[in-house]
Amino acid sequence: MTQSASTYRLRGLDLLRAAAILLVLTSHYTGFVSHAPTFGVVGKVGWAGVDLFFVLSGYLIGNQLLAPAARGESLSLKTFFVRRLLRTLPNYYVVLAAYFLILWLFPGAPLGGSSMADPWRFLTFTQNFGLAYGQTFTHSWSLCIEEQFYVLLPLVVLALARIGFPVRLAWGLLVGGIVAGMATRAAAYALHGHDAFMAEVYYSSFCRADELLPGVAIALLRNVHPHAFTRLLRHANALCAAGLALSVGILTCIHLDWPTTAVTSTFGFSLLALGFALLTCAALSPACILNRIDIPGASQLALWSYAVYLVHKPVFMALRPHVERLHIDAGAPLTVIAVMGAGIVGGWVLYRCVETPFMRLRARLTTAHTAEHAFHRTADDRAPSSHCSCSGSTRA
């Protein structure tokens, strides 16, 4: 792979990450600052930015786990969890501590929410269970689902590797997980009248985790069926067009609640994730148009996206009373730029002060582990041995 190809790939994925965080920003600005359709239909469907993040995370994490399995290498859970924890926990716990500190010092602080879950639930990423709209730090629900996913997926991959990684079983589990998500949402509507956007469904791990699986499917295809994956990427622009058309079509159906609430609640999130997965798969090809679009600042915004996601909502909530008190038009372009810019700058500060040092620490730790692993692997290669591969061969 040439350097230019690598850069193109990164640019395409970064463009999707930047689009995802911008969608979230527009949604929360509309809901918590302007209380008006400031961004039109984009703001109304901005919630889908989280769904796009789910698909991207599913691919990136799935690829980290499945790539060594495809090479017949052992999966180091220690290395995986060190990488994940140093990537996600520092930012999250700093923002969580800031929430509790501010609410303790200033009980009436405008951070939104009439109540907040117990600290232990935030510390264990279980606050999304029973979470209701209007509580404080509700946007952490998606982090809960991802962290729970980070625990479950490596255990599944490890279990599959121990039995020779039967490919059909892997695909069966993946498809079964997606079907289970749809079935759970269907049951929620049929039994309790809960549509997809009621808190009991929207925040539920059982109703939303299936959206990470299309991303895992891309990683499985790439690592287990590399020739088919290569042939698929030859049609990257067609994939991109199909993904965009499907995503827009499904968002339209969800927005219009067409054809029925039962149908959109059951299939909407899964089909939307499929559309985003097509876009993600297309972005992995250097020839894709997504990798030829150079939008200034998109790569930087993608780099800060996790920190921006954590910080922007409390910044919005803190600025809203001042906007209202000063009778500033929240829908005015300058106000939108200032408030959204403040949310992005807040995320950048968190990225620079917290995320960057921990990412440097992670790089040192994983580099040392990689060097040690390479040494032992070289030594093992001198002795006769056999191991499983993702082609389905058995372990000797």
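Bear in mind the structure is a predicted one, so any value in this text is a computation, not a measurement. We number each residue from 1, following the sequence as shown.
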Please evaluate residues Phe316 and Phe32 with respect to the criterion ring-ring contact (aromatic ring centres under 6.0 Å, His included), reporting the C-alpha separation (whole Å), side-chain torsions for both, the decisive distance (0.1 Å), and the verdict.
CA-CA 7 Å; Phe316 285 4; Phe32 299 104; 8.4 Å; no
Handout entry: Parallel, tilted or perpendicular: rings of Trp304 and Tyr351 (30°, 60°)
Key =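 The rings of Tyr351 and Trp304 sit tilted, inter-plane angle from 30° to 60°.
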salt_bridge(Arg185, Asp195) N-O dist < 4.0 Å:
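Salt bridge flag = no for Asp195 with Arg185.
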> Taking the six-membered ring for Trp, are Tyr29 and Phe39 parallel (under 30°), tilted (30 to 60°) or perpendicular (over 60°)?
Replying inline: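 Judged by the thresholds at 30° and 60°, the geometry between Tyr29 and Phe39 is perpendicular.
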Problem - Phe229 ring center near His227 ring center (under 6.0 Å) - result: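 That pair fails the under 6.0 Å test.
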(message) Ring centres under 6.0 Å, that's the criterion: do Phe54 and Phe276 meet it?
(response)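 Centroid separation for Phe54 and Phe276: 6.0 Å or greater.
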- Query: Can you list the residues that meet the salt bridge (Lys or Arg N to Asp or Glu O under 4.0 Å) rule with Arg208, with sequence neighbours excluded?
  - Reply: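 For Arg208, the residues satisfying salt bridge (Lys or Arg N to Asp or Glu O under 4.0 Å) (neighbours in sequence not counted) are Asp51, Glu211.
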#### Entry: Connected-component partners of Trp258 among ILVMFWY, side-chain separation under 4.5 Å
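Trp258 shares its hydrophobic cluster with Leu256.
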- Query: Backbone N or O of Leu66 within a donor-acceptor pair of the Arg71 side chain at under 3.5 Å?
  - Reply: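 Side chain of Arg71 to backbone of Leu66: no pair is present.
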Keeping to residues at least two apart or across chains, list the side-chain hydrogen bond (donor to acceptor under 3.5 Å, both in side chains) pairs with something in residues 149-160.
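Sorted result for residues 149-160: Glu146-Tyr150.
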Using 4.0 Å as the upper bound for N to carboxylate O, is an ion pair formed by Arg11 and Asp14?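 No, this pair does not count.
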Flag the pair Ile178 / Met182 as yes when at least one side-chain heavy-atom distance between them is below 4.5 Å, and no otherwise.
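Counting from C-beta outward, Ile178 and Met182 do come under 4.5 Å.
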Any chance the rings of Tyr203 and Tyr133 have centres within less than 6.0 Å?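 That pair passes the under 6.0 Å test.
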With a 6.0 Å cut-off on ring centres, are Tyr202 and Phe197 close enough?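 Under 6.0 Å, so yes.
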Could Glu355 and Arg87 be called an ion pair, given the rule that one side-chain N must be under 4.0 Å from one carboxylate O?
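Salt bridge: yes.
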### Task
Please confirm whether the backbone N or O of Tyr309 pairs with a side-chain atom of His312, one donor and one acceptor, at under 3.5 Å?
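Such a contact is found between His312 side chain and Tyr309 backbone.
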Practice task
Report yes if some heavy atom in the side chain of Met340 is under 4.5 Å from a heavy atom in the side chain of His28; otherwise report no.
Solution key: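 Contact flag for Met340/His28 side chains = no.
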>> What I'd like to find out is whether the side chain of His255 reaches to under 4.5 Å of the side chain of Lys44, using heavy atoms alone.
In response: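 With C-beta onward as the side chain, the pair touches.
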